[in-house]
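Residue numbers begin at 1 in each chain, while the letters A, B, ... track the order of the sequences.
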Number of protein chains: 2
Amino acid sequence: MNDIKKQFCNFLKNNNLLLTAQRECILNYILSTSYHFDAEQLYVQMKSEDPSIGRATVFRTVKLLESSGLIRKIRLGKSKSYYELTVKKKHHEHLVCQNCGKIIEFIDSGLEERIIKIAKKNNFKINKHAVEIFGICEDCFKSTKNK
Amino acid sequence: MNDIKKQFCNFLKNNNLLLTAQRECILNYILSTSYHFDAEQLYVQMKSEDPSIGRATVFRTVKLLESSGLIRKIRLGKSKSYYELTVKKKHHEHLVCQNCGKIIEFIDSGLEERIIKIAKKNNFKINKHAVEIFGICEDCFKSTKNK
DNA sequence: TTTGAGATTGATACTCAATATCAAATATAT
DNA sequence: ATATATTTGATATTGAGTATCAATCTCAAA
């Protein structure tokens with residue numbers, strides 16, 4: 001069992017929760033994907049592997065994974081929540097193309113520093129932050145010009 | 001008629017839309033408030049002034065106001081959308097207290113510059129951006145310590 | 001191995017925010 | 001005045017997520 005699974009097992013144990021077949025199955029799938037996902041999409045995927053699984057279980061497990069710190073919620077301008085793995089990945093921000101939906105991740109230490117400074121200046125105990133930049137990506141911009 | 005109203009009228013005219021009593025009423029109210037609001041809250045307010053107004057009309061008008069550029073959508077970590085006036089107000093970001101819900105607005109030119117640079121570096125036609133910092137505000141932090 | 005308290009499940013109903021539908025009412029141009 | 005287009009409010013519907021609950025599963029203690 002790898003470190004990430006162990007981390008989740010510990011979380012479950014510490015909260016008197018059980019590692020069930022469904023939870024393990026969902027965890028496995030999430031670990032095998034490296035990109036953003038949402039709960040509904042995950043449900044459809046799990047359903048295709050095990051038709052007996054329920055929507056509620058998937059949504060509940062996503063919440064658990066979030067509480068455990070394994071995944072984090074991100075908002076990409078849509079009404080629904082997306083999630084991404086927190087492990088094996090540095091914190092980063094998002095460029096969201098409003099035309100094709102493509103998401104470019106970036107890190108910028110200068111940006112992070114400023115955010116920390118701003119929180120400090122306002123006597124704010126910072127917990128998390130999010131920077132989203134919306135616009136048109138290079139590819140889409142090129143193809144609209146060609147029309 | 002003030003500039004802001006004119007701007008909205010122009011927008012309506014340019015799109016073959018009419019300035020109706022309901023739309024004007026909603027616009028007036030929005031101009032009289034200077035803080036964040038959401039569509040449902042606005043509906044309740046308008047309903048108290050004119051009980052015959054419909055929910056759909058308020059939600060539609062909010063969308064119109066957004067398209068016209070008079071208000072902008074902001075996401076404050078909740079599932080619903082909030083809006084704020086874009087005029088008479090410089091663009092700013094938000095510090096959101098996860099305990100009491102208080103919202104502190106701030107501007108930081110260094111932050112803005114970096115965001116523009118990042119977009120440029122990624123050949124991204126930037127349209128808008130959002131920075132949200134979540135945490136515990138000074139007041140809440142103090143009062144938790146006293147317990 | 002049985003038992004029983006507690007955790008988990010899936011189905012379902014429900015909430016909440018927002019959108020779609022549509023007939024009736026309004027406005028506009030001719 | 002009339003034909004055309006826009007807007008309205010009521011209502012139904014969607015989409016995302018949560019609450020409920022009886023049935024099932026787990027596991028430690030007897």
Among the clusters formed by ILVMFWY side chains lying less than 4.5 Å apart, do Leu31(A) and Val62(A) turn up in the same one?
yes

Going by modelled atom types, is there a donor-acceptor pair between the base of dG17(D) and the side chain of Arg60(A) at under 3.5 Å?
no

OP1 or OP2 of dG10(C) under 4.0 Å from side-chain N/O of Gln22(A):
yes

Thr20(B) side chain N/O closer than 4.0 Å to the phosphate oxygens (OP1, OP2) of dT8(D)?
yes

Between dA16(D), dT6(D), dT8(C), spot the one nearest the side chain of Asn16(B), thanks.
dT6(D)

d(CG, Leu18(B); C1', dA5(D)) in whole Å
9 Å

Examine the side chains of Gln41(B) and His36(B) and answer whether a donor and an acceptor come within less than 3.5 Å of each other.
no

Between the side chain of Asn122(A) and the main-chain N/O of Ile118(A), is any donor-acceptor distance below 3.5 Å?
yes

Counting heavy atoms from C-beta on, name the nucleotide in dG10(C), dT8(D), dT8(C) closest to the side chain of Thr57(B).
dT8(D)

Contact class for Lys78(A) vs. all strands (heavy atom < 4.0 Å): base, sugar-phosphate, or nothing?
nothing

What I want to check is whether an N or O donor and acceptor connect the side chain of Arg55(B) with the base of dA10(D) at under 3.5 Å.
no

Pair His129(B), Glu93(A): side-chain N/O donor-acceptor within cut-off below 3.5 Å:
no

